Structure formats: C-alpha cells, structure tokens
2 protein chains.
Amino acid sequence: MATGRTHRPATRSRGIPEATVARLPLYLRALTALSERSVPTVSSEELATAAGVNSAKLRKDFSYLGSYGTRGVGYDVEYLVYQISRELGLTQDWPVVIVGIGNLGAALANYGGFASRGFRVAALIDADPAMAGKPVAGLPVRHTDELESIISDNGVSIGVIATPAGAAQQVCDRLVAAGVTSILNFAPTVLAVPEGVDVRKVDLSIELQILAFHEQRKAGEETTPAPAGAPRADLAARPAAQPRAAAAGTSARKGPDGEVPAVMPA
Amino acid sequence: MATGRTHRPATRSRGIPEATVARLPLYLRALTALSERSVPTVSSEELATAAGVNSAKLRKDFSYLGSYGTRGVGYDVEYLVYQISRELGLTQDWPVVIVGIGNLGAALANYGGFASRGFRVAALIDADPAMAGKPVAGLPVRHTDELESIISDNGVSIGVIATPAGAAQQVCDRLVAAGVTSILNFAPTVLAVPEGVDVRKVDLSIELQILAFHEQRKAGEETTPAPAGAPRADLAARPAAQPRAAAAGTSARKGPDGEVPAVMPA
DNA sequence: CCATCTTTGTGCACGCGTTCACAAAGGCAT
DNA sequence: ATGCCTTTGTGAACGCGTGCACAAAGATGG
C-alpha cells in the first residue's frame with residue numbers, strides 16, 4: 001500500500017465503507033476495459049477475477065451502491081461504469097495543480113491516467129525561477145508566487161505535492177489557505193492539515209521496504225529449518241540496558257538478539 | 001491507499017501483523033529524522049506525533065518486535081532505528097531493477113529515497129532499442145533482451161515495473177521466471193503471479209479517484225441538495241437497461257467551478 | 001532504601017472488513 | 001405456466017485492527 005489516510009477516522013461516507021471506496025476505482029478500470037471490448041454484461045465472478053478480488057467482496061461492495069445487477073445474468077457493463085463513475089465523482093471535471101516539477105512532478109504531469117479519468121491538470125507550479133515558463137507536458141511551469149491566484153482562478157480543490165520533503169508542509173499550508181481541500185502527497189513527510197482537509201500519501205520507498213520485509217522472510221524460511229510457530233520466543237533474550245546501537249549500515253550482522261538467525265540469501 | 005497486496009491473505013509473518021509492518025517504515029523515517037538531530041531518546045507520544053499515528057498503536061506495534069523501550073524514559077532512538085531496520089531487512093543490500101524507463105521509470109531511477117534505505121538500483125531496463133545505452137540517473141539503460149542475465153548476475157529479487165499497462169504482465173512473467181519474487185507494480189493492471197511471489201501496486205490515478213470521492217461528498221454536504229451533475233459528455237449517456245434503479249442520483253454535488261447543471265441518467 | 005512520578009506494555013472491548021453460505025430473483029426452455 | 005438453472009444480494013460468523021485504560025516497571029529525588 002502506498003498510501004493511507006491521514007487523520008479522520010473513516011467517516012463512513014454515505015454508508016459506503018472506506019475499504020469499498022478504495023476498490024471502486026479498481027472495478028472501474030476493469031469495467032472500462034470490458035467496455036472497450038464491447039462486452040455487454042459481466043458476472044461478479046468474472047469481474048472479480050479481472051479486478052483481482054474475491055467475488056463475494058465485489059458483490060457486497062456493489063450492494064452498498066444499490067442493486068445494479070440482474071440475477072442469473074450479471075451486471076450491465078456500461079451501466080455499472082456510469083454508476084461507479086458517478087459515485088466516485090468522476091462525471092465532473094476536477095482541475096488539479098501539481099506543485100514541485102522535478103522528475104516525479106514531470107512524470108505525473110505526463111501521466112495519461114489522469115486526464116482519462118476526469119482529472120485535468122490546471123497548472124504546474126515550481127519554486128525554481130529557472131523553471132518558470134519552461135513547458136512540461138505541454139504546459140508552461142508557473143512560479144510559486146502565482147499559487148494562490150492559480151487556485152482561486154481555476155477553482156482548484158485538489159492539489160498534488162511532489163516537492164522535496166522540506167518544502168512539503170509549507171506548500172501544503174499555502175494550498176489549504178488558498179482553498180484546496182484534498183491533497184495527494186508524494187513527499188516523504190507527515191502533513192499537518194486542518195479539519196476537513198483530506199490527505200492521501202504515496203511513498204515509493206515505503207512500498208519497497210514492505211516488500212523487503214517479506215522478501216527477507218521468504219529467504220529466511222528456505223534457509224532455516226526452524227519450526228514455523230515460535231511465537232514471541234525472543235522476548236526473554238533482550239538486553240536490559242540500551243546497548244551501543246551498531247551502525248545499521250551495510251554490515252549485515254545479526255542483531256543483539258542471539259536467537260534470531262541472520263538471514264543472508266546466498 | 002495507493003496499494004494493497006495482491007492475493008495472499010496476510011500471512012501474519014512471524015506474528016507481526018501486516019498493518020504493523022506497513023507502519024514500520026513510517027516509524028523508521030521519523031526515527032531517522034530524530035537521529036540526524038542527535039536526539040537520544042523519544043517517548044511513544046512524541047514519536048507517534050512525528051509519524052502521524054496514535055501513541056497506543058505505536059506502542060502496540062513495537063510490542064510485536066519486542067520490549068525495546070524503557071519505562072519512564074522512552075525509546076533509545078539509535079537502538080530502535082537499528083531494530084526496525086533489521087526487522088524490515090534493511091540491514092542488507094537489496095539490488096532492484098526498474099523496467100520501463102519512461103517518465104515515471106526515470107523519476108524512480110532518480111529518486112533518492114531508495115539508495116538511502118538499502119535499495120540499490122542494479123539496472124534500468126527498457127524495451128525501446130533507442131533507449132539502450134542512454135544514461136539515466138547515471139546508469140546506462142539496458143535492453144529487455146538482457147533482463148534475464150541482469151537478474152541472475154546481480155541476484156536481483158525485487159523488480160519495479162513502470163511500463164505501460166499492456167506490457168506489464170509479460171514483463172512480470174519474465175521477471176518471475178528469472179527469479180524475482182517481489183514486484184512493485186506501477187502499471188495500472190492486475191498482475192497474475194504464481195504462489196510465493198509478492199506484488200504490491202501503486203496506482204496514481206486510483207488515489208486521485210478516492211480523493212475525488214471525498215471531495216464530491218464534501219461539496220455535496222455544504223450546498224443545497226441540488227442533484228448537480230456532470231459536464232462530461234463521455235459518461236452522460238446511459239444505456240437503457242435496468243429501468244428500476246430507483247436508488248440512483250440522490251447525491252448532491254457541486255463542482256469546483258461552482259454549481260453545475262444537473263445531468264441525470266434519463 | 002523508599003516514595004513518587006513518568007512512560008511503557010498489554011488485557012480487553014469494540015467496530016470494521018472479509019468470507020461463507022444460502023435464499024430470493026430472474027432468465028430460459030419446455 | 002411451470003420447473004430448472006444461474007447468479008445476485010445479504011444475514012451471520014469470524015478475525016483483524018484499533019483505542020482505552022491501567023497495572024507494572026523503571027527512573028529519579030530525597
């Protein structure tokens with residue numbers, strides 16, 4: 001998972017569970033693909049496979065939206081595309097601004113997945129004066145000074161932050177002050193925002209770290225004949241005082257806990 | 001959430017809950033920042049604030065790793081950095097390959113957050129022969145033909161897919177066949193992988209769609225219940241199926257451009 | 001050594017999300 | 001119509017994750 005909501009305890013918007021909302025775009029993508037192949041109807045089983053989820057979950061998700069299927073037949077693809085799009089708010093146009101036009105910001109600006117889903121890049125903003133006016137993805141980069149006017153002039157309510165971590169909070173504050181109420185944050189920082197502002201974050205390195213955890217575990221399993229179930233065996237082996245924390249550098253020695261085998265994939 | 005695991009029902013690795021694992025990188029980031037400021041110890045309350053979570057949750061998360069704190073004092077920053085790094089498998093070096101060197105792939109290659117966390121970009125791979133040899137982020141782009149040899153030569157077990165959606169599954173298959181067992185997928189597709197291979201996905205447009213949902217809801221709450229709608233022509237048309245979808249269109253919404261005319265499915 | 005104060009570690013309860021399993025609903029053939 | 005077959009929609013059970021609240025543990029000062 002590259003993201004998660006910050007604050008706000010899952011308000012259960014209109015009775016639609018947060019987990020379901022997060023899957024709707026997935027269904028929409030699968031349905032769009034079917035639509036392009038002119039498939040008229042689809043069963044929950046087929047669609048679930050295409051979306052990579054379980055069919056019971058899919059049916060329950062759809063049941064929160066209404067009874068849009070036909071028993072014995074399935075779901076009408078076009079109709080469902082429309083209903084989900086409407087529910088997600090994609091039947092209207094959302095102008096967004098991208099702040100921080102470095103490598104990532106430029107990639108986002110060029111990303112085709114936005115425009116095709118009702119998101120329109122209203123402006124690209126960067127703090128570097130040297131960037132100002134330079135065309136990226138067909139749009140001239142604007143300077144940060146213009147941030148407030150761009151937002152109010154275009155009625156932007158969604159902002160994307162792709163700046164370095166150090167600048168993110170400041171940019172966030174200005175976006176919020178100018179009227180933005182939803183923020184997609186790519187900077188590796190926790191953003192503080194007032195009540196009523198939604199923040200979602202995408203941290204590329206966090207995803208890799210989670211993969212590394214599982215990868216390490218996989219490697220450890222095949223090289224260690226140790227029994228699988230050894231819950232909390234390491235509790236007693238912990239040193240009482242804080243030892244000198246060995247530098248977590250490249251030395252892949254095992255930790256102070258003698259029990260845990262050092263996992264070294266050959 | 002920008003991501004989620006594909007298949008595999010949360011194996012509860014070594015008794016550490018998946019949700020906890022997903023937060024460890026967050027703690028690590030906050031701790032690293034403290035470490036750089038030479039802060040010796042930190043309380044669960046302080047660290048929780050810095051990481052953007054609740055302190056009880058943080059303490060419970062740490063309790064899965066062991067008793068690494070000192071009551072009445074808090075946690076030793078350096079020690080905790082080491083313990084979490086070790087748990088995540090970051091005390092060793094993970095060579096990764098990035099496949100698909102378009103805008104996003106190049107951005108990823110330049111992203112500093114990888115190298116600083118034990119991830120080393122072993123190679124950049126692209127299918128376009130014109131890209132071959134061109135330096136990106138200091139590395140020459142290699143052609144897809146070399147994929148298998150690069151992976152086995154470098155012992156790569158983690159692959160990043162940043163190709164167009166159409167090529168993703170094929171690339172994935174080749175990565176897996178060559179020995180990769182963890183994949184970070186940026187392509188907007190569901191990848192099918194054999195048992196034992198982990199896939200995490202990051203979909204930029206999905207995040208925006210989730211934000212749009214909440215944004216629409218926020219807008220609908222503050223304005224009068226006018227069934228506002230959608231200036232998107234491509235979705236306005238609705239197939240004449242299911243005539244009894246009674247539950248449709250009770251939501252009110254207001255676009256960022258102000259009130260918008262109602263477009264109800266006829 | 002003892003009292004006090006701080007902060008951890010966790011037992012417990014609650015709520016959300018997932019999954020199972022099946023009755024109800026509709027299509028279709030006869 | 002009637003009966004069979006397919007697939008939806010959902011009630012109910014279960015498990016995971018979260019947050020509360022507090023006892024235990026250790027530091028600190030007298």
Side-chain angles (χ1 to χ4, degrees), chain A residues 1 4-5 7-13 15-24 27 40-49 51-77 79-80 83 231-232 234-236 238-242, chain B residues 1 4-5 7-13 15-24 26-27 40-49 51-77 79-80 83 241-247:
Chain A
M1 227 180 7
R5 315 180 71 214
H7 298 279
R8 203 164 321 293
T11 330
R12 276 264 266 161
S13 332
I16 300 182
E18 194 60 28
T20 296
V21 172
R23 279 188 295 266
L24 291 182
Y27 302 143
T41 62
V42 65
S43 72
S44 64
E45 198 67 52
E46 294 167 318
L47 185 54
T49 302
V53 301
N54 164 308
S55 72
K57 193 187 295 187
L58 178 142
R59 288 198 300 277
K60 178 139 291 193
D61 283 342
F62 286 176
S63 79
Y64 292 115
L65 308 183
S67 285
Y68 294 152
T70 305
R71 295 174 192 235
V73 175
Y75 299 90
D76 181 281
V77 172
Y79 184 60
L80 205 45
Q83 289 297 342
R232 326 263 50 223
D234 54 322
L235 277 179
R238 190 220 167 241
Q242 269 79 14
Chain B
M1 275 222 291
R5 315 178 72 214
H7 298 281
R8 200 165 327 291
T11 330
R12 278 264 265 161
S13 335
I16 300 183
E18 194 59 30
T20 294
V21 172
R23 279 188 295 266
L24 290 182
L26 224 54
Y27 302 144
T41 62
V42 65
S43 71
S44 64
E45 197 66 54
E46 293 167 318
L47 184 54
T49 303
V53 303
N54 163 309
S55 72
K57 194 185 295 184
L58 177 142
R59 287 197 301 275
K60 179 146 290 195
D61 283 342
F62 285 176
S63 79
Y64 291 115
L65 307 185
S67 286
Y68 293 153
T70 304
R71 297 178 191 230
V73 175
Y75 300 90
D76 182 281
V77 172
Y79 185 59
L80 205 46
Q83 288 298 341
Q242 274 83 4
R244 21 182 290 178

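Here is the naming used below: chain letters follow the sequence lines, and residue numbers restart at 1 for every chain. Values in this document were obtained by computation on a predicted structure and should not be read as measured data.
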Please state whether the phosphate of dT8(D), meaning OP1 or OP2, lies under 4.0 angstrom from any side-chain nitrogen or oxygen of Ser44(A).
yes
Between dG17(D) atom P and Ile16(B) atom CD1, what is the distance in whole Å?
12 Å
Whole-Å distance, Lys57(B) NZ to dC20(D) C1', equals 14 Å
Winner on side-chain proximity to Lys60(A), out of dG17(D), dG11(D), dT8(D), is dG11(D)
With sequence neighbours excluded, tell me which residues meet side-chain hydrogen bond (donor to acceptor under 3.5 Å, both in side chains) with Thr41(A).
none
Whole angstrom is fine here: how far is it from CG in Asp76(A) over to P in dG26(C)?
16 Å
So which atom in Tyr75(B) and which in Ser44(B) form the shortest heavy-atom distance, rounded to 0.1 Å?
CE1-CB, 3.9 Å
Of the non-hydrogen atoms in Tyr64(A) and Gly15(A), which two are nearest, and what is the gap between them?
CD2-O, 3.9 Å
In whole angstrom, give the distance that lies between atom CZ of Arg59(B) and atom C1' of dT6(C).
12 Å
Only counting residues at least two apart or in another chain, list the ones meeting side-chain contact (heavy atoms from CB on, under 4.5 Å) with Ala56(A).
Asn54(A), Arg59(A)
To the nearest Å, how far apart are Glu18(B) CD and dG17(D) P?
8 Å
Looking only at heavy atoms, which two atoms of Tyr27(A) and Leu47(A) are closest? And how far apart?
O-CD1, 4.5 Å
Could you list, one pair per line, each protein nitrogen or oxygen that sits under 3.5 Å from a nitrogen or oxygen of nucleotides 25-30 of chain D, together with the distance?
unit_1: dA25(D); atom_1: O4'; unit_2: Arg71(B); atom_2: NE; d: 3.3

Sort and list the pairs that fulfil salt bridge (Lys or Arg N to Asp or Glu O under 4.0 Å) and have at least one residue in residues 60-69 of chain A, not counting sequence neighbours.
Arg23(A)-Asp61(A)
It should be established whether Tyr68(A) places a side-chain nitrogen or oxygen under 4.0 Å from OP1 or OP2 of nucleotide dT7(D).
no
Go through dT8(C), dG17(C), dG9(D) for me and flag the one nearest to the Ser67(A) side chain.
dG9(D)
Give the nucleotide from the list dG19(D), dT10(D), dG17(C) with an atom nearest to the side chain of Asn54(B).
dG19(D)
Can you find a side chain N or O atom of Tyr64(B) that sits less than 4.0 Å from OP1 or OP2 on dG17(D)?
no
Holding to side-chain hydrogen bond (donor to acceptor under 3.5 Å, both in side chains), I want the full list of residues that pass it with Thr49(B), two or more places apart in sequence or in another chain.
none
Separation of atom OH in Tyr75(A) from atom P in dT7(D), rounded to whole Å
12 Å
Nearest whole angstrom, please: distance from the C1' of dG9(D) to the CD of Glu45(A).
15 Å
Please state how far atom CG in Leu58(B) lies from atom C1' in dT18(D), giving the value in whole angstrom units.
13 Å
Look at the side chain of Ser63(A) and decide which nucleotide, out of dA21(D), dT10(D), dG9(C), has an atom nearest to it.
dT10(D)
